[in-house]
Amino acid sequence: MTVIAQKEFAARRKRLLKQLAPNSLVIIPSAQELVRSRDTHFPFRQDSDFLYLSGFDEPESLLLLDTSKPAQMTLFCRERDKAMEIWNGPRAGLEGAKRDHGASESFAIQELDKRMPGLLANRERVYLPLGADAAFDARLQSWLERVRSQSRAGVQAPTALEDVRKPLHEMRLFKSAAELKIMREAARISARAHIAAMQASKPGLHEYHLEAALQKVFLEHGSRFPAYGTIVGSGANACILHYINNTAALRDGDLVLIDAGCELQGYASDITRTFPVNGRFSDAQRALYALCLKAQLAAINSIRPGVSWNTPHDVTVKVITEGLVKLGLLKGKPKDLIKNGAYRDFYMHRAGHWLGLDVHDVGDYKVNGKWRPFEPGMVLTVEPGIYVSPTQRAVPKAFKGIGIRIEDDVVVTKTGCDVLTGDVPKTIDAIEGLMAAR
Ligand code: GLY
Ligand code: MN
Ligand code: MN
């Protein structure tokens, strides 16, 4: 299994520090454990920025970088604790943080309030995820207050707090070779999971049976968690964009929309496929599916370096609007229906988003007020959809309650883009063929 090497983490830290004001500190707290119910917690998920810079996967930690020592990293973390480790498993501890996780210095997290004022003294700026956590911001203010209280002894407090996320998220937008290798692996696992769900589908099962089929493949390949809440929406549930109940029975003649992707070493994959519960598309389903696929393929085809972020979205809007007019779901001239936004009754979201450590990954979509151009190494999803609500007026009955989305993950290359999630079928023939061959 590919892992991010310690030297890549060190290089990321150096690259970040180079962009910051001299004599400044970077402070990034870890994520916290969240109670699910009384004594049980949600599975711990490290903060993505913390993970990107350190790979360190423990709660109750804080990462500290110093622009004047770009090769070093200080970790505040939990100390080893025999009793706690019997219950909850091993901790890196102060020694492990240095030995195994690239820290040059480590302190117990309990010493944070004691040590931070001294570390902040006589610094120019502090870079942190400003405003991300009000309690942490308040804690930082209390440290700064203590530094300021020493002003008569000649100690200067930092005069500016800056959001570290601006430069950091720009770095995260461009994936390294090692990151792409992990993302390809995550995409391959998710593709297999979608195939398993297609193979398992039949009328009478419930949506959660397909969720189970996906989850089994994720786990069998070492992905412990989905990158986001799995969506299995059959029939009109497919028109609910973030449907996660997954409790309805699968009905003969309906489509089922599955939006699911595994997380691997923190990296997300994000695939949507829509297929008939019984393996055969009806005429109305076929018509809308073919249109959605045409839009998705045209959008993927438009992606290459230099092309604007918004181009694939515009392409999907054009193809879908023209197609809906031809099918009689929209009436008027496509140009006008695009201008007045009438297509949004059927296609109300954007064609994609950045993908990486977060499923809706970080990175600006606009630079200087303009949609940014694609560059090699960016990873994004392409996911047009067509949703005909059961209550939608003035559409032929056969189309009502059909929801379709087709989503793939792509990486921008030097000459175009490469689809990471191509292993899972998406043409009508390939889906029907796969489901007939069970
Ligand atoms: N699964 C979330 C999304 O597709 O954006
Ligand atoms: Mn997506
Ligand atoms: Mn998705």
Side-chain angles (χ1 to χ4, degrees), residues 45 48 172-173 175 183-184 186-198 207-208 210-211 213-215 217-218 223 225-234 237-246 255-264 266-275 289 292-293 295-297 299-300 302-303 309-313 315-317 320 344 346-363 365 374 378-387 403-412 417-426:
R45 170 57 160 76
S48 296
R172 280 179 52 192
L173 178 54
K175 274 65 180 178
M183 291 188 76
R184 278 180 197 282
R188 266 198 295 271
I189 295 167
S190 294
R192 287 177 77 142
H194 277 262
I195 289 171
M198 283 180 193
E207 292 163 346
Y208 48 72
L210 303 191
E211 184 177 1
L214 293 151
Q215 187 68 15
V217 177
F218 292 171
S223 161
F225 305 102
Y228 53 92
T230 294
I231 296 169
V232 183
S234 62
N237 291 336
C239 299
I240 303 167
L241 297 179
H242 285 165
Y243 176 81
I244 49 166
N245 277 1
N246 302 353
L255 293 178
V256 55
L257 180 156
I258 298 185
D259 184 345
C262 72
E263 180 177 296
L264 200 64
Y267 288 87
S269 53
D270 185 7
I271 302 181
T272 307
R273 287 293 184 267
T274 310
F275 57 89
Y289 188 93
C292 190
L293 183 57
Q296 203 236 13
L297 293 173
I300 291 174
S302 74
I303 297 169
W309 160 262
N310 211 39
T311 298
H313 179 71
V315 165
T316 58
V317 167
I320 287 173
R344 289 204 190 99
F346 303 98
Y347 176 30
M348 60 295 282
H349 58 75
R350 296 195 53 83
H353 50 82
W354 302 131
L355 185 74
L357 284 169
D358 293 304
V359 64
H360 291 174
D361 206 30
V362 296
Y365 292 94
F374 289 118
M378 293 171 163
V379 179
L380 65 145
T381 67
V382 185
E383 51 177 308
I386 301 173
Y387 313 90
I404 295 165
R405 180 163 63 253
I406 306 171
E407 175 174 32
D408 282 301
D409 306 341
V410 310
V411 55
V412 182
C417 73
D418 194 5
V419 179
L420 307 179
T421 44
D423 292 351
V424 51
K426 66 178 171 184

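All ligand and atom numbering here is 1-based and tracks the order in the structure. One-based numbering along the sequence shown.
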Under 4.0 Å, heavy-atom basis, I'd like to know which part of Thr381 is in contact with ligand 1: side chain, backbone, both or neither. neither
Which ligand 1 atoms does His360 reach within 4.0 Å, using its non-hydrogen atoms? 2 (C), 3 (C), 5 (O)
Show the numbers, then the answer: is there a side chain to side chain contact (heavy atoms under 4.5 Å, CB included) between Trp354 and Leu173? CA-CA 8 Å; Trp354 302 131; Leu173 178 54; 3.4 Å; yes
Ligand 1 contacted by Val359 (non-hydrogen, < 4.0 Å): no
The N/O/S atom of Glu383 lying closest to the Mn ion (ligand 2) is OE2
Let me check your reading of the structure: within less than 2.8 Å of the Mn ion (ligand 3), is there an N/O/S atom from Asp259? yes
Look only at the side chain of Arg172 and the backbone of Gly363, and say whether a donor-acceptor pair between them is shorter than 3.5 Å. no
Shortest non-hydrogen separation from Val315 to Ala299 and the atoms involved: CG1-N, 3.7 Å
If the cut-off is 2.8 Å, does any N/O/S atom of His353 fall short of it from the Mn ion (ligand 2)? yes
The atom of Glu407 among N, O or S that is nearest the Mn ion (ligand 3) is OE1
His353 versus Asp270, side-chain donor and acceptor atoms under 3.5 Å: yes
Please identify which of these residues, Ile231, Ile240, Leu241, meets the side-chain contact (heavy atoms from CB on, under 4.5 Å) condition with Leu257. Ile231
Need the atom name: nearest N/O/S atom of Asp270 to the Mn ion (ligand 2). OD2
At a 4.0 Å threshold, what atoms of ligand 1 neighbour a non-hydrogen atom of Glu407? 4 (O)
N/O of Arg405 under 3.5 Å from N/O of ligand 1, yes or no? no
I'd like to know if the side chain of His349 pairs up with that of Glu383 as donor and acceptor (distance under 3.5 Å, no hydrogens or angles considered). no
Short side-chain donor-acceptor distance under 3.5 Å, Tyr228 and His242: no
